[in-house]
Every structure is written in structure tokens, then in C-alpha cells.
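The structure appears right after this line, and notes come after that.
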Amino acid sequence: MLLALAVATIAQPAAQVRVTFNRRGETSSRAKGIADATGRAATPDDPARVASISKLVTAIGVLRLVEQHRLDLDADVSTLLGWRLRNPAFPDAPITLRLLLSHRSSLTDGVDYVLPLDADMAKVLADPKAWDRAHAPATFFRYINMNFPVVAAVMERATGERFDRLMERLVLKPLGLDACYNWASCSDRTAARALTLYRDGKPAKDASDNRRTPCPVTPATDGSCDLSRWVAGRNGALFAPQGGLRISARGLARIGQMLLNGGRVGGTRLLSPASIRVLETPLWTFDGSNGETVNGFYCSYGLAVTFTATKAPGCRDDPVGDGRRRIGHAGDAYALKSGLWIDRERGTGVAYLATDIPDATGAHSAFTAIEEALSRP
């Protein structure tokens, strides 16, 4: 009751959507607010750029390739990339997919992870500013977006497929999801339903008049956008594997059901139970000095999976506030907040997203007050 009263006293999002589910299916849904400048009402089926939940979905794609023996979580990614990826301060320490997916690679966001179409990622990551020179790979957690363009590049090199199309084949189509990375592989009908991301009442991303721009990626340095110039693995940032997934709250809930059911949803087996166990194994837990928690938001992390309610000093990673461990991921970009969380023990979960979120601190966590309200079972 106190949390509900606190939320009622702050400005509300432009739109907020929430879907709850269990192993059998959806248990509730609600949506309120406007989807875009036309005043259309938001619905649970409207896709939105869900920000860093994209990382979790990318990891699911990686594990599908691991199951097919096309990737190895613990192999030096330099072999597939075709160039040597090393922290110059620790040249003998190999970088692996397991380290990249768990933000322990020693990469930093000291260089821009939004790269133009003609960028050569090998040259970008040769810049010493891309690396943490104080901590060797595997020794320190720092949440870094640049890890995921490298992951995408490795996936492309292993398959010869463009990342957005690869993710459509590996994850989105098998689950029956009307979703895409960076709009390129979504239909016009899907893009027309998109939620505009607002910041301070003004469109910040995916406004109705610019969702399907002529260039679905960052144009080349000369302003051109010829995707026939794509080369597998040369620039894994193109389709924003770290944050560019467009998907609805209902679509996120289906991914959550797959996780709850050990890799299966409906009649589709996407991952083996063994892969789900790998996905849900913490690889880093804060001990007071072995990583950055972002004011207590991150305290336990696995393969692009966040674990909540960590019992360690300084951790404020429990948006529900009941001390129960949940697994999933949050998203934060362009004043959107999103979340996909499952309670493995109870067999329940919630998917939510909200646009134009005010920066009101939560009552009991490092999450915002709106996120705390939307996360409640």
C-alpha cells in the first residue's frame, strides 16, 4: 500500500504495459497510456525497443549455437574473429564468450559501441581506451555494452549470417515472436504498432514518422547505407545486439515461459534443460571489491542474466522487496524501463515496459518506483 501511494504521487509514464505468466501461459495483462503521437492506446502486443533485455535474448541465440557445436563458450574468440582480441595490459589472457556474456572480459565503453556501417571493429578495439588496464579478464565485473557487438561478430563468423537474420532464425521465429533487431527484419505491419519512446514528453526513439527509416543501421561515415557491404563479423554492432530488440511485453512473456519450462514453450523445444541450467548459473557475485554494482543494481550476474535479491552489503537489487531470488534482465534506454523476471521456485514471472519513466528513486531498491510497482507478483 505504501509503495502504491508513493507511485501515485509521481509523474506517470506515457505508456506502461505488464504481462504476468506461469509455466502454462499468461495469467494477466494490462496496458495504459498512449502508444504514439496519434493518441493510440498502448496494448500488450505493441513492440518496443526493450533495451538491455536484448542481451539475454542474444545469449539464448549463443546457446543454440553452442548446442549445435558451432560455438564454444570457453574458446578464445580470436580464432573465429580472425584477429587477435586482447587487453593490451594482459596480452596472454584469452577473451571467451563466457567472459563477454558475463561482463568480465575487461572491455570498457571507453570507445563508442554504436559504430557506422563501414567501421572495422578490430581497429576500434585496438584502441587502448577500449580496455580496463587495471583488471585482467575474468577478475572483475563491469557492465559494458561493447561486449555484445563482439558476441554478435563471433556469431556471424561462426554462421556466415547477418546477426538480425540469425537471431530471427535461431530464436524469434521458432518461438513465434513478431520481433526483430533494429526493425530490419520486422514487417511494416509490426513497425506500425510500435511504441514511441518518449523522454520528457518528446519523442526520443521510434516515433511514428521515423520507425522505418531508409537505413536500419548507423549509416557509413560518408552517409551511405548499402547493406550489401556487410561482411560477417567485421562490425557486430550494426544491429544493436546489446539493446536493439523490438518486442512486445507479451513476446517477452513467451520467452519467460520458455525459461520456466526448461527450454520449451508450447510444442517448441528451443534449448535443452542443460543449457537452461548454464544460463541460470551465476558467474559473478559481488564480494565488496570484485566489480562495479552501479549503486547496488547489479550484484549477481551470469550469461546475460541478472540474479536479484543478493544478500551482500551495498546490494539493492530486489525490486519486489520480498527477498526472493528472481532471474532475468532489466532494460534502460531513451527513458524506457523494461524487465523480464521469473521466480523459478514459484513458477511465475512478469514482463513489463514503460516509456517516459520519471527518475523517482524506488522505496527499497536501486530500481525506480515505477519498476518496483511493475515488478510485483
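No hydrogens, no waters, no symmetry mates; every other heavy atom, side chains included, goes into these values.
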Would you mind checking if [Y] and [X] are paired as a salt bridge, meaning a charged N to carboxylate O distance below 4.0 Å?
| X | Y | result |
| --- | --- | --- |
| Arg199 | Asp356 | no |
| Arg86 | Asp92 | no |
| Asp318 | Arg325 | no |
| Asp206 | Arg49 | no |
| Arg98 | Asp74 | yes |
| Asp343 | Arg324 | yes |
| Arg162 | Glu156 | no |

Please tell me if the side chains of [X] and [Y] come closer than 4.5 Å, counting only heavy atoms from C-beta onward.
| X | Y | result |
| --- | --- | --- |
| Leu270 | Arg264 | no |
| Asn235 | Asp120 | no |
| Asn147 | Leu101 | no |
| Glu161 | Arg169 | yes |

State whether a side-chain donor-acceptor pair under 3.5 Å links [X] with [Y].
| X | Y | answer |
| --- | --- | --- |
| Thr27 | Thr20 | yes |
| Asp36 | Ser208 | no |
| Asp132 | Thr108 | no |
| Ser224 | Asp226 | no |

Is the ring centre of His329 less than 6.0 Å from the ring centre of Phe307?
no
- prompt: With ring centroids as reference points, do Phe141 and Tyr301 lie under 6.0 angstrom apart?
  reply: yes
Residue Asp287 excluded, over 12 heavy atoms near CG under 6.0 Å: yes
Only one of Leu245, Leu177, Leu340 passes side chain to side chain contact (heavy atoms under 4.5 Å, CB included) with Val57; say which it is.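 So the option named by the test is Leu245.
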Item to check | Short side-chain to backbone donor-acceptor contact, Ser365 and Gly362, under 3.5 Å | outcome: no
